Structure formats: structure tokens, C-alpha cells
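Dropping a structure here in C-alpha cells format, bear with me for questions.
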Amino acid sequence: MTDTPSKFGEVVLETKDLRKHYPLTQGIVFKKQVGAVRAVDGVNIQLRRGETLGVVGESGCGKSTLARLLVGLEQPTDGSIMLKGKDLSKVSSRDMRSVRRNIQMVMQDPYTSLNPRMTVGDIIGEPFDIHPEVVPKKGRIARVRELIDLVGLNADHINRYPHQFSGGQRQRIGIARALALNPEIIVADEPVSALDVSIQAQVVNLLERLQDEFGLAYIFIAHDLSVVRHIADRVAVMYLGKVVETGNEDEIYEHTTHPYSQALLSAVPVPDPALRGLRDQIILEGDVPSPANPPSGCRFRTRCWKAQEICAQEEPPLMVRPGSEHPSACHFAEERQVVGAVS
Amino acid sequence: MSDLIPSATSDEPALQSSSSEGAGATGGTASLWSDARKQLIRNPIFVISSLYILVVSSMALFPGLWTDQDPRNCIISQSRKPPQDGHPFGFNILGCDYYSHAIYGAQPSLSIAIGATVGIVLIGGTLGLLAGFYGGWVDTIISRVVDIFLSLPFLLGALVFLTVVKVQNILTITMVLVILGWTTIARVMRGAVLSAKNLDYVLAARSLGAGNLRIMLRHILPNAIAPVTVLATIALGSFVAAEATLTFLGVGLQPPEESWGIMITDHQVYFLEAPWLLIFPTTLLIGTVLSFILMGDALRDALDPKMR
Amino acid sequence: MTTEAPVKSPSTARFLSQLDMTAPPLEVRNLHVEFHTTSGEAHAVNGMNFVLSQGETRAILGESGSGKSVTAQAIMGILDSPPAKITHGEILYRGVDLLKLSDEDRRRVRANHIAMIFQDALSALNPVFTVGFQLGELFRKHRGMSRQASKAKAIELLDMVKIPAAKQRVNDFPHQFSGGMRQRVMIAMALALEPEILIADEPTTALDVTVQAQVMGLLSELQREHNMSLILITHDMGVVADVADSISVMYAGRVVEDAPVADIYARPAHPYTKALLESIPRVDLKGQELAVIKGLPPVLTNIPPGCAFHPRCRYAKDNCKVPPEPPHYDVDVNRVAACHYWREVIES
Ligand SMILES: Nc1ncnc2c1ncn2[C@@H]1O[C@H](COP(=O)(O)OP(=O)(O)OP(=O)(O)O)[C@@H](O)[C@H]1O
Ligand SMILES: Nc1ncnc2c1ncn2[C@@H]1O[C@H](COP(=O)(O)OP(=O)(O)OP(=O)(O)O)[C@@H](O)[C@H]1O
Ligand code: SF4
Ligand SMILES: [Mg+2]
Ligand SMILES: [Mg+2]
């Protein structure tokens, strides 16, 4: 990825050739590794202060695995994560806790991501139990109330249980918990996918407001391309564990050059009946190959209409190609207008 | 932002009732126990069995409440006299009051059952928790040990153990029941922990930096309480029965100890001439075993959201 | 596809003679469904009305819990009752009220005339039988075909839904298919007996957009070929715009707006429809706040009096807050809206 100057602050998060392979084993007593699921397979991303990076891609392409790696729920098989210039694999375990505080997560499912046996106050206050140095014991309740207020809930509900709230309200509780430790980066794994359309907008607005207020940087994972377009400054398109194209919102949505991004965008239905039949829809044949056994060369070649011999032999690197200004991992990268793809 | 805050506060009225509606869709677990309580109170089987257990427990704890006779005060001439005024259960072969005998007999039976249950919950629970939580080789070792113990036939194991140690008192019998019984709890615990381990809220706590101990105690263990409670209740019943069985086979409690098992064993040959000597202790025993098992069953239904 | 005549019994003949082939394939009138719950009666469907014309694709659009699936299940006669109870209404198939039919006739309608596709294809297929067996079963049971012939039919169907190498794949089990393929198998199964009406309950919600495009494309193609009438249940405004002819927008178990697809998107006449459309992110409004619908969806045990939408509505006036609920005002020839102030809404 190029280091073009940007209106956002310094780079706060960067991954270098990040990989996560889950071993596939056989046998119960004597386990034998018979292969690996390459869930994340060489991902390079950069995130600047105050910026939102959207990550899109089909189910199983490794978005959640990437998120879990970033927040430390999984250890990378290879590659590195740099948080504010520090390589996480080199940070001593003593410093790790305070470094990790800077990056927090919002989960997809508001119904399962809150412990049903804890009150809202306990849930939002738990980060302070784990990191007692952040807020002095006396100030905790006040801080929790402040957080509840910040995400637009009623602070008097501090003693209620999660099941007494609706999905959208629970998602706000999850956001308050993520904000508790004053992180600079929030990784949101499909934060609005489980919500109804009418509630989604409330949560998206809240995330944007918090970003403006605190200069947060977001990794925003979603499969709804129109929500990503709305919230993201830059977008990374993933396919089978790799980023195949990245660029700012306009580059990806209006000048996409990778055939997979083109197909993905063209498949999104447009909420405008006037455009029916006018769109240039690319219908992909076949299914996503297994990440345990990805195709040689370009991973997309088995479903790509442009594929030539070279695609099976050489893996196209993610780089800026002639005739375009943003990186794309296709030997035949070429702009194609996907009419009104995502409105 | 301006419309965020009012929108949230205007939720007020809907919020109150959303708990009742949400219950169906989201299965709020915080209300699991309170819902269960409501359901149990309305379940006659549960109410009757818990009343029965209450009665039996008070016999064990405060025998003086139930009888003022001393079971050891025996008059041989009264031997095998049938139930009569003041002596509702009649007299045993030695001419002791059988009713007070039965009251005092509750204590050893229940002590063993409760002791053994506490033992299996502690041992089985801990090992199951460790196996499920850490996985890997810890799990492999614990699971294999569980398999070995499960392959031991219960009665044979108990007979061999009690014959070898030669001392047959409350402590040794409790021990043998724990040794042979912890595996069921361990298995259930391991399963509950495994399914809780990857719950989103556990991952959320982990991503906040929570340590293992906190995750186990705060987030995982509460998920296992329901299945373990059910199993422990049923285990109480089976241990009462097991104590009687071992005594009957001659490796359990020995006289002068008094227990329902001993009462049954000692009077088995008098069934035809003095049937009450067998009927009273057996009825008490069966009632206790059955009550515990029915309670466990009712608990299982009440705690299973799918049954609603 | 060939049509082998179903084995006709006298009762079938009687049933067929009642049908009025000039009547619309399906009409739902004032349908009410309640669920008995511990916290009271949940009014899941409250006066559902719509007409499905021949060859039409009608979308039923609404948020989670608005009663879409319950309506579909009521039409199919597969509601779980108790707790569900149909308290009012008629469901007319070619003029015959399905709710008055015997169980046997109901089953016959379900098998031969109305079919349904479910959201979760994996759980709708039996994991222990091959896909071919499950498809063939339909022909053996309802058409009295032999094993051989039914297998040939199964292959033909898999071909029809564009499963590659259908000859080999018939012997596979459901778990050996991907999500999109399973949904196509479900479509094949639903179409096997050539129903007149197909109800698709969120057929693509569980699928990726790329696969969704495949499946929706296939579905509309087959619908055209077989001249079926299609009820498409969804909450995705995009999918609706792509394939539907008309839309019934549901809120709290009731149709709040019913109109041809172009009209709804161009000039919504109900505040709820309007708000839904506004909450879709738009390119030209990037950087601005998204329009939100304030408040929460209603609690079905305690639906607000008058217009159920009034607590969240920015057009609401005092008369919206008291019964009766707003009637279906005629907005246009084919178009109704259940809002007292539809004129204001449509003009703003
Ligand atoms: N713990 C694990 N063990 C083995 N394989 C895993 C594990 N977690 C994920 N995978 C595999 O890694 C791949 C990527 O999964 P991941 O959950 O990251 O996808 P995703 O992009 O988030 O998909 P979705 O959109 O469905 O959430 C999948 O093939 C998945 O099966
Ligand atoms: N078996 C049931 N018992 C109790 N309530 C039920 C049952 N089935 C459905 N309901 C209730 O009926 C209401 C309508 O449900 P329905 O499934 O029709 O919603 P839907 O519009 O299909 O939503 P979704 O988009 O989530 O599928 C819901 O509030 C639901 O809780
Ligand atoms: S009837 Fe009243 S409350 Fe209902 S939608 Fe119309 S204006 Fe809003
Ligand atoms: Mg995911
Ligand atoms: Mg539904």
C-alpha cells in the first residue's frame, strides 16, 4: 500500500503479510496435521487516526479472522501487527495489556455478545475491573453512567439486564463497552448486520458521531456494501484470505479494477426499480473454493471471466496497475463501470 | 446527534414491555432462574417431592423434633410387636422402638448422599472445567481418565474398594461414591464449558484483556450451573439408594450404626411374620430416592428454555 | 416437463370442481393470527389483506417480527397451533377458502398448487437422504412414479436449477452442497410438482450477494417460464426493487401500504415506507447523518392504539393516537395506504 499523504492523522495500525492458518487435523488421540485452512493469508492494511477502513468480501473470506487477529483473540501464524509503530509480537507481556487497550472490538450479534447474567453497569464497567489503572475506583460508576449517556441510552438503566433492551440498544451497550478504555481504534465486525434497517441507521450515526468526537479509527467489517460506502473512507476487498483491491471509497465504488470487486458490486441489488434491467450485472459462476485448498496463481481465477494461462501460474501482487491509481491484485486489472452498482 | 438522544429516551415506554416480548425471541438467560422458579412453584410433582425432602432433612437434622424416644432403649420382650399406640412403626427384633429408629436412620443415609454429591461436584466440576477450558493435552488426559473410570462397573468397583479398605464407615462409603461418581459431573461440566467457551461475550471479555480466572468464574461457570444442579439433584437420590445397596451387600454401614439400609438388611428375613419391619424403611428410602429424582427431572424441564 | 395426471380420487374431483379459475390465484382477506404467550396474546397478524394476480410477483416487505413468515405459514397451513391461532379471515385459493377445507384437501393444495421455499435451506432438507432421493420422493408419492422415472425427474430438476453435473450430484447428501446450491435444490423441490403459486420466505437472506444474484436470477427466470405467481418475503429494499411487480409493506402485522413497485419507490404514501426508504444510505448524501426512524418496533402483546406506527411517526396528529386504526385509503387505482395523512406524505 502506498504512503500517500492523507487528510487523516498518522498511521495507528498496520499489518504486514499477516497470516492465520488453522490446522486441519485427523485422529483423536494422536493428532496428525493434514493441511490448513488459510483463513487470512498475507494481508497488508494500514489505518490512520480518525479514518474508517471498510472491509468487504463474501462469507468465509477471512474478515472475522482478521478482526480477531487485530484485537488479539488469535495469534498470527505469520506476519506482524504494528500498533502505533510497535510490533505486537515484540511487546513484552507486561506492556501488552496497556498496548492492547488501544484497540477494542464491537461484535456482530447484539444478542450473544453481552453476558445475560450481568447488568448493563457491570458489562460496561468490566473493562475497568480488568484494567483498574484506567479509572480510580471511586470514579467508576460516574464514568459508566457517562458512557451509557454517550451512546444515547438512559443512564438510569444501569441496573437492567441485556434482555430488557432491544437489539439496537444492546449494540449501543456493546459500543459503550468498547469505548470504556478510551481506545484509538475500534474493530467492528459486522456491527449492524443483525439489526433491522430502521435501527441500523441509528447505530451507524452513533459510530460516526463518536468518531468525530474522539478521533477514533475504525475497521468496519460488513457485507452490506452500501453501508460500507456510507461510512468508510477507504475500502479493502477480500477474497479467500487476501486483499484483492484497496482504495478510497470513490476508487473502489466508481473505478474498480478487480474483476471480483466488479462482480461483487454489480451483484448488489439497487433499491430503485427504474434501474431494473439496465444494470450490467455480472453473475459469477460456481462457488467460492475452499480456503484449505485455494487455486494456484490468482485465487479468483476459477470464477473469473478474464482468466488466462498466466492467472493459474503467477499470483498477481496487490499493486498499482497502469491506468489506475489504486492497488489491485489482477493481471488484467481494468476499470469497468458497474452502472449504479451501489447507490 | 440531536435526534439520537431523544430517540433513545422516547424508547422509554416500549422498553418496559420489551422484556416480556424479548423473552420469547431472545431467551433472556438472566430470567432463566426466576422463570424456572415460577414454573416450579406451579409444578405439583416438584412441590410434593421438595416437601418430602424437607421432612426427611428435618428428621436427619433434628431427630428430637420427631421423636422423644431413644432408639437404643430396647426391651427385648417387645420384640417384633406390631405398630401400636405410641409406637406407630412397632418394635424390631431387639424390642426397640422402630419409629425412632427410622427417624435416626435418616441421618447417615443423607450425610453420605450429601457428602458424596458435594464431592463429585467439586472434583468432577473442577476437572470438567479444566478439561473444557484449556483443551489440548489437559483435556486429553482428563477425558481418558474419565473414560477409565466410566468403564469400571459401579457395584464391582465399590465392592472391591470397600472390601480392600476394610473400614466401612460414613467416610469411606462417601469416598467410594465420589470416586466412582465424579465422572458424570465432569462430562456435563466439560460440555457446558466447551459450549460457553466460544460464546461471543466470552470472546468480548477476552478481547478486553480479561484473564483466565475471571473468564472462568464470571462468564463460563454460570452457564454450567443449571445442568450441574440438575445432575447433582438426581445424584443425591442415586446415592441414597447406593448406600442402601452397599449395606445390603454387606460392605456398607455396619451396626451399631443406624441407617435405612441397615434396617432393611437386618429385617429381610422377617418379611412374612413382621412385614412392617421391611415396609417402613423401604418406603422411606424409596420416597427419598424418588423425590430427589423427580425434583431433578422437574428442574431439568424448568431450566430448559426449549421446553417452554 | 411432462405433466402426468395426478391420481384422482372422488374427493379430488369435488375439490377441483369448486375452483373458480377466473378468480385470482390467491387472496388474503382480513387475516388475524394470535400467539398465546406467557405475557398475553401476541397479535402477530392483524388484518392482513392482499390479492395475488396471475403471474405476478408480490413482495411482502417488513421488519423482523412484522408477521411476514406467520402470514406465509398461515397460507400454507403449517402454522404451529397451538400456540398460533387464526382468529379471523379468509385465505382464498381460486375463490375457495382454504381455512374451510378438510385436512386432506389442504394437504393436496399444499402439494400440488402452492409451494414454499424457506430461509434456512439446510434445515429444510433431510440430512440423511440424498438430494436425489428427496426430490424423487415427491414424484413417487404424488405422481405414483417408479424409482427409475423419479430419479430421472430429479436429475431433470437439478438441471433446471443449474446445478452442474446434475447426474452425479443427485447422489450427494445436502451437506455436500454449498449454501447457494442447497437453496437451488429447495427451489427445485418447490417447483417439482409445478405449483401455481410459490411463496419464497427470505430465500436469499442467508446468502452472499453474489450467490443471491444467482438465486434471484434463477427464481425470476423460472417464474416467467412456468407463469407462476410468486410471493417474495423479504426485508431487503434492493431485492424488491429488482424483481417485484407490487409490494405490500407490513408493519405490526398489517399492510400499511400496497402499491406497484415503481410508485412506492418514487412517491411513498405511508410515513413508514418513506422512512424506510430514507434510511437506506445514498451516495449523494455521504458524510451526512442517515435518516433514522426513531423509537422501537411495537411489542405485539401491546400494539399502540389507533395507528400502530404513531409513536414513531413524524406526521402523527391526535387522531392517529386513538382507535379506529386508519383504514386503507385509496391513493390510486391499484394503490392503498393506511395513513390518515397520506396526501401530506406523498406530497412532501
Ligand atoms: N477456529 C477455526 N478453526 C478452523 N477454521 C476456522 C476457524 N475460524 C474460522 N475458520 C475458517 O476460516 C475461514 C474464514 O472465516 P471467517 O470467520 O474469518 O470468515 P468471514 O469472512 O468472517 O465470514 P462471514 O462473512 O461468514 O462472517 C473460513 O473458511 C472458516 O471456516
Ligand atoms: N411459535 C411462536 N410462538 C410465539 N410467537 C411466535 C411464534 N412464531 C412467531 N411468533 C411471533 O410472531 C411475530 C411475527 O413473526 P414472524 O416470524 O412472522 O416475523 P417475520 O416478519 O417473518 O420476521 P423475520 O424478518 O424476523 O423473519 C413475532 O413477534 C414472533 O415472535
Ligand atoms: S396514520 Fe398518523 S401516525 Fe399513522 S402513519 Fe399516518 S400520520 Fe403517522
Ligand atoms: Mg465473520
Ligand atoms: Mg420470517
Side-chain angles (χ1 to χ4, degrees), chain A residues 56-61 165-169 194-206 208-209 223-232 249-250 253-254 260 263-277 279 281-288 303 340-343, chain C residues 61-66 162 164 177-181 204 206-214 216-218 235-245 247 260-266 272 275-297 312:
Chain A
V56 298
E58 280 171 285
S59 176
C61 70
F165 293 87
S166 71
Q169 293 174 323
L195 303 178
D196 265 318
V197 217
S198 76
I199 307 297
Q200 267 184 16
Q202 296 177 1
V203 173
V204 169
N205 283 350
L206 171 66
E208 293 204 298
R209 172 168 67 80
H223 61 248
D224 183 337
L225 286 119
S226 45
V227 173
V228 171
R229 177 163 211 184
H230 177 82
I231 198 170
E249 167 258 324
D250 180 61
Y253 283 85
E254 298 293 338
Y260 175 65
L264 193 63
L265 285 170
S266 84
V268 179
V270 182
D272 182 359
L275 289 177
R276 188 186 293 183
R279 289 186 301 138
Q281 244 198 2
I282 307 163
I283 306 255
L284 288 179
E285 299 292 320
D287 294 299
V288 188
R303 299 167 82 193
V342 174
S343 69
Chain C
L61 184 88
E63 289 181 81
S64 186
S66 57
K162 304 201 173 107
F177 286 70
S178 71
M181 281 176 25
T204 57
L207 306 176
D208 277 313
V209 274
T210 52
V211 185
Q212 165 172 299
Q214 291 171 358
M216 284 315 302
L218 175 73
H235 59 256
D236 186 328
M237 311 281 282
V239 172
V240 175
D242 255 3
V243 299
D245 300 315
I247 308 187
V261 65
D263 295 346
I264 285 227
Y265 283 79
Y272 177 62
L276 271 186
L277 285 167
E278 283 168 358
S279 67
I280 301 173
R282 284 175 38 194
V283 197
D284 45 327
L285 298 180
K286 189 175 158 81
Q288 300 181 23
E289 266 190 10
L290 291 175
V292 301
I293 306 181
K294 65 179 183 187
L296 293 174
R312 307 174 74 185

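No experiment lies behind these values; they were computed from the predicted model shown. Letters A, B, ... mirror the listed sequences (proteins, then strands); counts begin at 1.
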Heavy-atom distance under 4.5 Å to chain A: side chain of Ala291(C), backbone, both or neither?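 The answer is the backbone of Ala291(C).
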Is chain C contacted by the side chain of Glu208(A), its backbone, both, or neither, given a heavy-atom distance below 4.5 Å?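 For Glu208(A), the side chain is the part near chain C, not the backbone.
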Whatever's closer than 4.5 Å to a heavy atom in chain C on Ile283(A) counts as side chain
Is chain C contacted by the side chain of Ala232(A), its backbone, both, or neither, given a heavy-atom distance below 4.5 Å? backbone
Indicate yes or no: at least one non-hydrogen side-chain atom of Arg229(A) is less than 4.5 angstrom from one of Val268(A).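 Side chain of Arg229(A) against side chain of Val268(A), heavy atoms only: no contact under 4.5 Å found.
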Is chain C contacted by the side chain of Gln200(A), its backbone, both, or neither, given a heavy-atom distance below 4.5 Å? neither
4.5 Å side-chain heavy-atom contact, Val209(C) and His223(A): no
Specify the closest pair of heavy atoms between Asp272(A) and Ala241(C), including all atoms of both residues, with the distance to one decimal.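 Nearest pair, atom of Asp272(A) first, then Ala241(C): N-CB, 3.4 Å.
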Measure distances from Glu278(C) to the heavy atoms of chain A and classify the residue's part below 4.5 Å as side chain, backbone, both or neither. neither
What part of Ile231(A) is in contact with chain C, defined as an atom under 4.5 angstrom from a non-hydrogen atom: side chain, backbone, both or neither? backbone
Partners passing side chain to side chain donor-acceptor pair (under 3.5 Å) against Glu63(C) (at least two apart in sequence or in another chain):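 If we apply the side chain to side chain donor-acceptor pair (under 3.5 Å) test to Glu63(C), skipping adjacent residues, the hits are Ser198(A), Tyr272(C).
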Taking the side chain as everything from C-beta on, heavy atoms only, tell me whether Val239(C) gets closer than 4.5 Å to Met216(C). yes
Can you tell me which portion of Val197(A) sits under 4.5 Å from chain C's heavy atoms? Options are side chain, backbone, both or neither. both
Chain A heavy atoms under 4.5 Å from Val240(C): which part of the residue, side chain, backbone, both or neither? backbone
Compare every heavy atom of Tyr265(C) with every heavy atom of Pro271(A), then report the nearest pair and how far apart it is.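 Reported closest heavy-atom pair: O-CD2, 3.3 Å.
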Do you know which two heavy atoms are closest between Arg276(A) and Ala244(C), and how far apart they sit?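 Smallest interatomic distance, heavy atoms only, reads NH2-O, 2.5 Å.
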